[in-house]
Amino acid sequence: MSWCEERNFWCNCLYWRKTAILLPPEPDTFSLPSPLPDWSQGRGFASGRINLGKIEALKISRFEFIWSSNLLQDKKKGVSFYKPVGVPNGFYSLGHYCQFNNKPLWGFVLVVREVACFEPEAANLPTLLKPLDYTLVWSSDDESEEKYGGCGFFWLPQPPEGYKPLGFLVTNNPDKPDLDEVRCVRADLTDECEPYRLLLESYSKFLNLPVRVSSTRPSHRGVLGKGVSVGTFFCGYWTSEEELNIACLKNLNQLHAMPNLEQIHALMKHYGPTVFFHPNEVYLPSSVPWFLKNGALLYKAGDSSGEPIDAEGTNLPGGGTNNGAFWIDLPSDGKRNTVKQGSLESAKLYVHVKPALGGTFTDLAVWVFYPFNGPGTLKVGPLNISLGKIGQHVGDWEHFTLRICNFTGELWSIYFSQHSGGEWVDAYDLEYIEGNKAIVYSSKNGHASFPHPGCYIQGSTKLGIGIRNDAARSNLYVDSSTRYEIIAAEYLEGSDFIEPCWLQFMGKWGPTIVYGSRIELDKIINHLPVGFRYSVKNIFDGFPVELCGEEGPTGPKDKNNWVGDERG
């Protein structure tokens, strides 16, 4: 070996050793605590592939590392980029995948192939085509990354006319990716998508603009939405008025992979969470029939006396919209305080089954009914101040939603509804009590749902000012895997499934509260130390009207998420 060859050998060894040291460790992978059962046969649910009409999609969860940001900085802020591996012959990638370095590898991208079908109007237009070229959208220019780990180069496929790209590609060198690496999709088989969760933010000296990397989701979601998440990411500068330069897939065969009734029951029995109530909870849930047959009354505007309601709600007015003409109230006799406290022994959780993300996921929205919502407690630093009547109201409908992957039947995430908002929590961040059954914590009095025990502040966590939401495990709980009732699954056409009568009631499940909550709030603010008053007032001004206890809620069918997606 010559001197030059020996020098190059050792230089290369030193370079690759430094690079290996700086590369992020192989991320942990996550799998659910217990194996999945063999789901019963039925259409395309959990078959591994989903027919979208003219395209067949397959979920890939195995990846090869490409490049990572923040190699020398805080791991919590770093992200890594991956390409799918193990793509079957005949299937094609649509783009690469990105996620945070401090999370288990729990993502996916879809790979696709054309489905043979007769389309005379598009006989000369295949569903998938190679890009014509790539455009360099952004490259990192951090010196430490360039010296030891290489730059990241972000490429946008340039589609043929009439086609759209569905993702970006990343390389760790300035060479363009191979044109055969991805496919663009015919425009009529795509739908609009939008940035979702911010993953990385940097600045482009060339564009003189901020550059953001975000996960994406379909713009049109909910029961009627046909957009399908591809699992890829967006890179670039974007304002809310602009349409993204990438798209998502569109499912023309939306119900192909949805579970049948037998499979829905199997999903609830396998995944149904246990709902724990705070050990000091006074206002527990009940079944709706228990509430109705124990003296709940139907009131009509203009009438001073209420009408008894039968246990199934057959005499409740149904359909239409909430026009304020009817509402339900607690018994007017000695049962009032007893009914307020609910009946844990009778409690059932009510399940609404609906397609999500273009029918590639199933949402099991699980509703919990409470006869009464208790008052709130204000936390101001170390002080806890009872809000008296503020926040209480008759009737309380709360929910959480299980999102199931229709490719595999896996629990993918749970949505925890929290007053006027909520949050999606991925399966790897959940607590499990038995097998694949997660835990949902219901907060004291207000009944918001949380994934873990603790004191959650509705207001400013930074200032330590807001309404307390205390969640803890206790001997008070309901196991939804055994105590549930399916109340709606509109897509199950032709089945003998009948929705309960009470579900059709669109009025309020509680009367208007008239105790002047704003005056009560102002009294509390005026008694606080001067330094806290302005902050507390601003926080109160941002609270939903339900905290001010103005009126009881409408039922599940009147909520936006009955046909729409969850907030968050």
Side-chain angles (χ1 to χ4, degrees), residues 32-34 36-37 39 259 261-278 281 283-291 342-354 356 361-371 396-405 409-418 422-427 429-443 446-453 471-489 497 499-500 502-503 555-557 559 561-562 566:
L32 292 168
S34 295
L36 299 186
W39 309 108
L261 190 56
E262 182 181 355
Q263 291 166 334
I264 293 169
H265 283 293
L267 289 168
M268 281 303 301
K269 290 172 182 175
H270 187 74
Y271 292 122
T274 294
V275 182
F276 279 101
F277 307 97
H278 194 275
E281 181 63 75
Y283 306 108
L284 292 164
S286 75
S287 69
V288 171
W290 181 91
F291 173 66
S343 168
L344 197 58
E345 295 76 17
S346 75
K348 277 187 176 180
L349 279 68
Y350 299 105
V351 182
H352 177 211
V353 190
K354 54 182 180 171
F361 287 82
T362 295
D363 276 1
L364 304 174
V366 183
W367 290 89
V368 191
F369 175 71
Y370 302 82
D396 189 21
W397 280 104
E398 301 289 346
H399 80 283
F400 55 89
T401 298
L402 283 66
R403 181 155 285 179
I404 308 294
C405 175
E410 292 173 286
L411 172 66
W412 200 254
S413 56
I414 294 182
Y415 180 80
F416 293 82
S417 177
Q418 298 156 3
E423 61 175 335
W424 282 107
V425 178
D426 291 324
D429 270 339
L430 299 171
E431 284 186 32
Y432 295 89
I433 188 169
E434 178 187 356
N436 295 331
K437 298 173 183 176
I439 295 176
V440 174
Y441 292 92
S442 175
S443 66
H447 310 137
S449 299
F450 294 95
H452 305 288
R473 193 183 293 207
S474 73
N475 292 326
L476 305 172
Y477 62 87
V478 176
D479 179 358
S480 70
S481 70
T482 58
R483 293 168 61 180
Y484 71 90
E485 178 183 335
I486 299 171
I487 57 170
F497 183 81
E499 296 180 359
W502 56 259
L503 182 62
K557 216 165 190 177
K559 307 297 187 186
N561 68 303
W562 187 264
E566 302 289 0

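This chain uses plain numbering: 1 for the first residue, then up along the sequence. We use all heavy atoms of the structure for the numbers below, so side chains are in, but hydrogens, waters and symmetry mates are not.
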Enquirer: Where do Lys348 and Phe369 land on the side chain to side chain contact (heavy atoms under 4.5 Å, CB included) test, with the steps shown first?
Expert: CA-CA 8 Å; Lys348 277 187 176 180; Phe369 175 71; over 6 Å; no
Enquirer: Would you mind reporting whether Val368 and Asp396 have side-chain heavy atoms less than 4.5 Å apart?
Expert: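 A side-chain contact is absent here, since even the closest heavy-atom pair is not under 4.5 Å.
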Enquirer: Below 4.5 Å, heavy atoms only, C-beta onward: do Leu364 and Leu267 meet side chain to side chain?
Expert: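 Yes, their side chains come closer than 4.5 Å.
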Enquirer: The test is side chain to side chain contact (heavy atoms under 4.5 Å, CB included); show your working for Trp424 and Glu566 and say whether it passes.
Expert: CA-CA 9 Å; Trp424 282 107; Glu566 302 289 0; 3.7 Å; yes
Enquirer: Treating Ser287 as the side-chain partner and Ala347 as the backbone partner, does any N or O pair qualify as donor plus acceptor under 3.5 Å?
Expert: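 Pair absent, no side-chain N/O of Ser287 close to backbone of Ala347.
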Enquirer: Determine, step by step, whether Glu410 and Leu36 satisfy the side chain to side chain contact (heavy atoms under 4.5 Å, CB included) criterion, reporting the C-alpha distance in whole Å, the side-chain angles of both residues, the deciding distance to 0.1 Å, and the verdict.
Expert: CA-CA 7 Å; Glu410 292 173 286; Leu36 299 186; 3.7 Å; yes
Enquirer: With rounding to the nearest 0.5 angstrom, report the CZ to OG distance, Phe400 to Ser442.
Expert: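 OG of Ser442 is found 9.5 Å from CZ of Phe400.
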Enquirer: Ignoring hydrogens and geometry, is there a side-chain-to-backbone donor-acceptor pair from Asn436 to Ser34 under 3.5 Å?
Expert: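 Yes, Asn436 side chain to Ser34 backbone: donor-acceptor pair under 3.5 Å.
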Enquirer: Show your working on side chain to side chain contact (heavy atoms under 4.5 Å, CB included) between Tyr271 and Leu32 and close with a plain yes or no.
Expert: CA-CA 11 Å; Tyr271 292 122; Leu32 292 168; 3.9 Å; yes
Enquirer: Kindly check if the number of other-residue, nucleotide or ligand heavy atoms within 6.0 Å of OH (Tyr477) is above 12?
Expert: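 Incorrect, the count does not exceed 12.
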Enquirer: Tell me the closest heavy-atom pair linking Asp429 and His452, and the distance in Å.
Expert: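 Smallest heavy-atom distance, with atoms named: O-NE2, 2.9 Å.
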Enquirer: Which heavy atom in Ser343 sits nearest to a heavy atom in Trp290, and how many Å separate them?
Expert: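 Scanning both residues completely, I find the closest heavy atoms to be CB-CE2, 3.3 Å.
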Enquirer: Should Ile414 and Leu430 count as side-chain neighbours, where that means a heavy-atom distance under 4.5 Å?
Expert: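 A side-chain contact under 4.5 Å exists here.
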Enquirer: Does some side-chain heavy atom of Lys354 sit less than 4.5 Å from a side-chain heavy atom of Asn561?
Expert: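 Asn561 reaches Lys354 side chain to side chain.
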Enquirer: So, applying side chain to side chain contact (heavy atoms under 4.5 Å, CB included) with Val353, which one of Leu261, Ile487, Thr362 is it?
Expert: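 The option that passes is Thr362.
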Enquirer: For Ser480 and Pro273, work out which heavy atoms get closest and say how close.
Expert: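 Ser480 and Pro273 have their closest heavy atoms at OG-O, 2.6 Å.
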Enquirer: Treating Arg483 as the side-chain partner and Glu345 as the backbone partner, does any N or O pair qualify as donor plus acceptor under 3.5 Å?
Expert: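 Present.
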Enquirer: When you compare the side chain of Ile439 with that of Phe276, does any pair of heavy atoms fall below 4.5 Å?
Expert: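 They are in contact (side-chain heavy atoms under 4.5 Å apart), so the answer is yes.
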Enquirer: Do Leu344 and Pro285 come close enough that some side-chain heavy atom pair is under 4.5 Å?
Expert: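 In short, these two side chains touch, coming nearer than 4.5 Å.
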Enquirer: With a 6.0 Å cut-off on the ring centroids, do Tyr283 and His447 count as close?
Expert: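 Not close enough - the centres of the two rings lie 6.0 Å or further apart.
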Enquirer: With a 6.0 Å cut-off on ring centres, are His352 and Trp562 close enough?
Expert: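 Here the rings of Trp562 and His352 have centres that are less than 6.0 Å from each other.
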Enquirer: What are the two closest heavy atoms between Ala488 and Glu499, and how far apart are they?
Expert: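 Smallest interatomic distance, heavy atoms only, reads CB-OE2, 3.6 Å.
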Enquirer: Who passes ring pair (Phe, Tyr, Trp, His ring centres under 6.0 Å) against Trp502, sequence neighbours left out?
Expert: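 Partners of Trp502 under the ring pair (Phe, Tyr, Trp, His ring centres under 6.0 Å) test: Tyr350, Trp397.
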Enquirer: Using 0.5 Å steps for rounding, measure from the OG atom of Ser443 to the CD atom of Glu281.
Expert: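 Between atom OG of Ser443 and atom CD of Glu281 there are 7.5 Å.
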Enquirer: Counting only heavy atoms not in Glu434, do more than 12 sit closer than 6.0 Å to its CD atom?
Expert: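 No - once you tally the heavy atoms of other residues, nucleotides and ligands closer than 6.0 Å, there are 12 at most.
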Enquirer: When you compare the side chain of Ser449 with that of Tyr441, does any pair of heavy atoms fall below 4.5 Å?
Expert: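 No, too far: nothing below the 4.5 Å cut-off.
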Enquirer: Can you tell me how far CZ of Phe450 sits from CD of Gln418, rounded to the nearest 0.5 angstrom?
Expert: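 CZ of Phe450 is found 4.5 Å from CD of Gln418.
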Enquirer: Can you find a heavy atom in the side chain of Val478 that is under 4.5 Å from one in the side chain of Leu349?
Expert: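 Answer yes - side chains close enough.
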Enquirer: Are a donor atom and an acceptor atom from the side chains of Lys269 and Ser481 found within less than 3.5 Å of each other?
Expert: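 No, no side-chain donor-acceptor pair sits under 3.5 Å.
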Enquirer: Where do His399 and Ser417 come nearest, in terms of heavy atoms and distance?
Expert: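 Shortest heavy-atom separation between His399 and Ser417 comes out as O-CB, 2.9 Å.
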Enquirer: Name all residues meeting the ring pair (Phe, Tyr, Trp, His ring centres under 6.0 Å) criterion together with Phe277; count only those two or more places apart in sequence or in a different chain, and write none if there are none.
Expert: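 For Phe277, no residue satisfies ring pair (Phe, Tyr, Trp, His ring centres under 6.0 Å) once neighbours in sequence are set aside.
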Enquirer: By ring pair (Phe, Tyr, Trp, His ring centres under 6.0 Å), which residues pair with His270, not counting sequence neighbours?
Expert: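 So His270 forms a ring pair (Phe, Tyr, Trp, His ring centres under 6.0 Å) with Trp39.
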Enquirer: Grab the two heavy atoms, one from Tyr370 and one from Leu284, that are nearest each other, plus how far apart they are.
Expert: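 The pair with the smallest heavy-atom distance is CD2-C, 3.7 Å.
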Enquirer: Atom CD in Gln263, atom CD1 in Ile404: separation rounded to 0.5 Å?
Expert: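 So the CD of Gln263 and the CD1 of Ile404 are separated by 12.0 Å.
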